[in-house]
Amino acid sequence: MTLSKIKNSTHPLIEYIERLEAGGDLLPDSPENMVEVVGILKSYGIILDAYSRNLIYIAENQFLVLFPFFKYFNGEFSFPKLWKHWFHDRINFEYAEYCMKAMFWHGGGGLDKYVDSPEFQKLAEAAIQAKLKFNPFILGINQLFPDFLLEQVRQLAYYSALGQFWRIMSDMFISLSDGYDAGEITSIPEVVNHILKGLVADANTPITYSVKIGDKVYDILPKEAGLTFLMDTAVPYVEAVFFRGTPFPGTISYNAQAHQIPEFQEQFSYGALYADPLPTGAAGIPPTLLMQDMRHYLPDYLHEVYRNSCRGEDDLRVQICQSFQKSMFCVTTAAIQGLAPYPLDTKEPAQQQANRVYLERWLDRFVTSRLSEVNKPTERSCQLFVTPVDK
């Protein structure tokens with residue numbers, strides 16, 4: 001069997017499959033794409049640093065605080081900060097929680113299995129009893145509803161795990177930007193390779209979580225659980241946030257009789273790779289919070305690109321979303337390459353066939369995504385919107 005023989009495919013996205021098999025990427029290499037991807041990932045890396053710190057703070061310092069009014073302050077409460085918080089002059093940590101809840105709900109990977117295990121329940125119960133031993137009212141409620149506090153601890157485990165995942169990704173994106181600034185990274189393939197190397201280097205980094213209650217430290221996700229960065233946080237994150245997501249309130253009906261939301265979770269396609277940038281940049285849509293956060297940390301070279309577009313900064317969040325989707329297809333390319341059963345440039349026919357099946361399964365999910373849109377040349381000229389006048 002040769003590669004030419006397996007290329008006879010009727011897959012609607014066969015051109016992207018063949019591009020990947022030839023060593024290419026889901027996003028074409030161009031100076032415009034390079035500026036957008038690296039610039040937006042620098043801003044994203046700064047935001048992920050803040051998101052990561054807050055999620056880990058909540059997991060470790062707001063453990064079983066049922067009404068954590070000041071959880072977004074990272075232990076640094078002040079009335080000036082409260083005033084800025086009320087007027088949204090701050091980073092929107094709500095989006096970090098949105099992603100955490102998407103991961104928690106969709107599940108997947110070893111973390112999802114472990115939080116349902118007897119071992120986890122035993123560790124969680126020990127921490128619950130230590131934390132609330134002087135609160136008989138809440139413990140009484142927990143006796144009536146045994147999963148009440150246990151479910152809170154499960155969720156806190158996801159706070160910590162996502163925070164640790166984003167810690168690694170933040171450092172990866174900032175180092176990417178530094179490489180670009182130094183002239184060491186100059187193309188989209190080099191961007192993808194940088195991300196792939198980062199994923200491989202940290203693949204087996206342990207994901208652990210413990211809380212200090214009084215003078216004692218209680219393990220929630222012990223090292224012995226064997227949870228790691230790549231398979232137990234990165235892959236479930238891609239599934240939950242890149243692909244599935246959750247329906248955006250206000251854009252579709254939640255009425256079951258309207259049948260606007262798929263019946264099964266695996267059919268969800270509300271993730272970052274599918275989202276229409278126009279409503280995504282509108283008020284009330286969760287990713288708008290991320291776009292709003294990233295706008296404050298855009299590097300000057302990318303901000304200048306947006307300013308010189310047809311609408312200038314009037315649709316800044318929409319432009320940020322478009323650039324963000326391009327960058328996420330780069331991250332997805334790295335994930336596809338890293339998880340492939342064999343090197344995508346293999347010459348062995350049997351391995352080529354296995355890779356083809358693997359790639360077709362990935363690309364099946366991209367049919368309704370924004371893949372074709374991000375592959376179109378970026379046009380920012382106002383001439384596109386000018387109607388010719390007959391002379």
Ion pair check, [X] and [Y], cut-off under 4.0 Å:
X: Lys71; Y: Glu97; result: yes
X: Lys326; Y: Glu32; result: no
X: Lys122; Y: Glu125; result: no
X: Asp178; Y: Lys42; result: no

Under 3.5 Å donor-acceptor pairs involving side-chain atoms of residues 109-120, not counting sequence neighbours:
from   : atom 1 : to     : atom 2 : distance (Å)
Asp112 : OD2    : Gly108 : N      : 3.2
Asp116 : OD1    : Arg154 : NE     : 3.4
Ser117 : OG     : Tyr114 : O      : 2.6
Ser117 : OG     : Glu119 : OE1    : 3.3
Ser117 : OG     : Phe120 : N      : 3.2

Give me the atom names and distance for the closest heavy-atom approach of [X] to [Y].
X: Gly198; Y: Met172; result: C-CE, 3.6 Å
X: Leu41; Y: Phe173; result: O-CB, 3.4 Å
X: Gln325; Y: Tyr274; result: NE2-C, 4.2 Å
X: Ala334; Y: Ile195; result: CB-CG2, 3.7 Å

is_close_aromatic(Phe366, Phe243), centroid dist under 6.0 Å: yes
All side chain to side chain contact (heavy atoms under 4.5 Å, CB included) counterparts of Ser43, not counting sequence neighbours: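 With sequence neighbours excluded, Ser43 shows a side chain to side chain contact (heavy atoms under 4.5 Å, CB included) to Met294, Tyr297, Leu298, given in chain and number order.
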Side chains of residues 204-222: which donor-acceptor partners sit under 3.5 Å, not counting sequence neighbours?
from   : atom 1 : to     : atom 2 : distance (Å)
Thr205 : OG1    : Asp202 : O      : 3.1
Thr205 : OG1    : Asp202 : OD1    : 3.3
Tyr209 : OH     : Ala59  : O      : 2.6

Mutual orientation of the aromatic rings belonging to Tyr180 and Tyr301 [parallel < 30°, tilted 30-60°, perpendicular > 60°]: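 Taking Tyr301 first and then Tyr180, their aromatic rings sit tilted (interplane angle of 30° to 60°).
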Aromatic ring pairing Phe242/Tyr237, orientation class (parallel under 30°, perpendicular over 60°, tilted between): perpendicular
Spacing of Gln353 atom CD and Thr346 atom OG1 [to the nearest 0.5 Å]: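 Taking CD in Gln353 and OG1 in Thr346, the distance rounds to 12.5 Å.
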Spatial distance of atom CG (Leu132) from atom CG (Leu149) [nearest 0.5 Å]: 6.0 Å
Validation: residues 74-83 side-chain donor-acceptor distances under 3.5 Å, sequence neighbours left out:
from  : atom 1 : to    : atom 2 : distance (Å)
Asn74 : OD1    : Asn54 : ND2    : 2.6
Ser78 : OG     : Lys81 : N      : 3.3
Lys81 : NZ     : Glu76 : O      : 3.4

For Ile261, the rest of its hydrophobic cluster, which grows through side-chain links under 4.5 angstrom: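 Trp105, Ile252, Tyr254, Phe268, Tyr270, listed by chain and number.
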Results of ring-ring contact (aromatic ring centres under 6.0 Å, His included) for Tyr16 - residues two or more places apart only: none
